[in-house]
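Here the structure is a predicted model, which means the values were calculated and not measured.
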Amino acid sequence: MPPDTDNQANAQASSQEKFATPDNTPQLQAFREVVESRRSVRRFTDTPIPDDVLADCLRLAMLAPNSSNLQPWEFYVIDDADKRKRAVKNCMNQNAAKTAARLIAVVARTDVWHDHAKQILREYPDKPVPKKVKDYYTKVVAMDFLRGPANVVSAAKWGSTQVVRRVKGPIKSPYYTFEDTKNWATNNTALAAENLMLALRAHGFDSCPMGGFDEPAMKRLLNLSDDQHIIMMIGAGERADNGVYNSQFRFDQKQFVHYV
C-alpha cells in the first residue's frame with residue numbers, strides 16, 4: 001500500500017474508533033463528567049476566559065439542534081466596562097454577574113426566519129441545491145411562519161389545518177400568533193444556551209444561567225428591538241472555592257419519566 005494511502009487508512013480507522021456507536025462509547029465517561037460536574041456557580045475567580053476559548057464555546061453552542069436549521073439566536077458578550085457595570089445592575093447585582101469573567105446575554109429572535117431561510121439556500125453545502133430543499137425553504141417555511149395583516153393568513157392556516165387533520169390525519173400545527181413564533185425562537189435558543197454552558201465546563205470554566213434580570217432595561221442597554229428576546233443572562237468564569245452555594249440533588253427520575 002502506498003504511504004499516502006496507508007496514512008489515509010490509519011486516519012480513517014482512528015476516526016472510526018472515536019465515533020460513538022452502541023458498541024463503542026469512547027466519549028461517554030468524559031461526557032458524564034462534564035454534565036455531572038456542571039453547577040450553577042455564583043462566585044468566580046479573577047481568572048479570565050481567553051478569547052479563543054470563548055469563541056470555541058460559542059461555536060459549539062451554535063451546533064445545537066434547531067428547527068429547520070433557522071438558527072434564531074444571538075449572543076451578546078458584554079465586555080465594555082460601562083455597559084458591563086449597567087448590565088450587572090440590571091442583573092440585580094447578583095454575585096454570578098458581578099464576579100463573572102464574561103457576561104453574556106442569550107437572545108432569541110422572531111424576525112430572522114425569512115432572511116435565514118434565504119441564507120440557507122445561498123450557503124447550502126450541496127450544489128446544486130436539491131429542489132426539495134428549495135421548495136421547503138421557499139414554501140413550507142413561509143407557510144409555517146406567515147401571519148399576514150391582522151393575522152388573516154393565520155386564520156386561513158387554522159382552517160386548512162383542521163381540514164387536513166380530518167381528511168388525511170396528523171399534521172404539524174403552523175405558527176398562528178406572535179407568541180407561537182416567540183416560543184419557537186425561545187425553545188431553539190435555549191438548546192444553544194445549554195450547549196454553551198456544557199462547552200464552558202469542558203474547557204474548565206463554569207457558568208450560571210440567570211433569569212433574574214430587568215429585561216426591558218437590558219434590552220435598552222443592548223439596543224435590542226421588539227423582535228429580540230433575552231431568554232437568559234449567563235455569567236461565566238473559573239469556579240471560586242465558595243462559588244457553589246448548595247449541594248446538588250435532583251428528584252428521582254421515576255417521578256418524571258413515563259413509558260407509555
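- When every heavy atom of A20 is checked against every heavy atom of P26, the shortest pair comes out as CA-CD, 4.1 Å.
- Of the options I234, D51, I78, L200, a side-chain contact (heavy atoms from CB on, under 4.5 Å) to R102 is made by D51 and by none of the others.
- Hydrophobic clustering of Ile, Leu, Val, Met, Phe, Trp and Tyr side chains at less than 4.5 Å, counting indirect connections, keeps I230 apart from M232.
- The distance between the ring centers of H116 and F145 does not fall below 6.0 angstrom.
- In this pair, F251 and F249 present their aromatic rings perpendicular. The plane angle is above 60°, beyond the 30 to 60° band.
- Residues Y76 and I104 fail the side-chain proximity criterion, which asks for heavy atoms closer than 4.5 Å.
- In this structure the side chain of K139 never reaches within 4.5 angstrom of the side chain of M143, judged on heavy atoms.
- Looking at every heavy atom in both residues, A100 comes nearest to G235 through CB-CA, 3.8 Å.
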| message | Would S68 and Y136 count as a side chain to side chain donor-acceptor pair (under 3.5 Å) here? Give the steps. | response | CA-CA 9 Å; S68 299; Y136 181 80; 2.5 Å; yes

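- The side-chain heavy atoms of N66 and L191, taken from C-beta on, include no pair separated by under 4.5 Å.
- The shortest side-chain heavy-atom distance between W113 and L146 falls under the 4.5 Å cut-off.
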| request: List the steps, then state whether side chain to side chain donor-acceptor pair (under 3.5 Å) holds for N95 with Y245. | output: CA-CA 11 Å; N95 287 325; Y245 286 178; 3.0 Å; yes

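- Partners of S225 according to the side-chain hydrogen bond (donor to acceptor under 3.5 Å, both in side chains) rule, which considers only residues two or more places apart in sequence or in another chain, are Q228.
- Between K118 and Y137, the closest side-chain pair of non-hydrogen atoms is not below 4.5 Å.
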| Evaluation steps, salt bridge (Lys or Arg N to Asp or Glu O under 4.0 Å), between R86 and D82 | CA-CA 6 Å; R86 292 158 63 191; D82 180 60; 3.2 Å; yes

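- Note on residues 205-218: pairs passing side chain to side chain donor-acceptor pair (under 3.5 Å), not counting sequence neighbours, are R201-D206, D206-R239.
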| field | Derivation and outcome, side chain to side chain donor-acceptor pair (under 3.5 Å), residues T110 and D227 | value | CA-CA 5 Å; T110 53; D227 294 303; 3.3 Å; yes

| Checking salt bridge (Lys or Arg N to Asp or Glu O under 4.0 Å) for the pair R109/D111: CA distance, chi angles, key distance, verdict? | CA-CA 6 Å; R109 295 199 62 154; D111 62 339; 2.8 Å; yes

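- Side-chain atoms of F205 and V53, non-hydrogen and from C-beta on, do get closer than 4.5 Å to each other.
- A salt bridge links K131 to D135: one of the charged nitrogens lies within less than 4.0 Å of a carboxylate oxygen.
- Nearest heavy atoms, A193 versus V106: CB-CG1, 4.1 Å.
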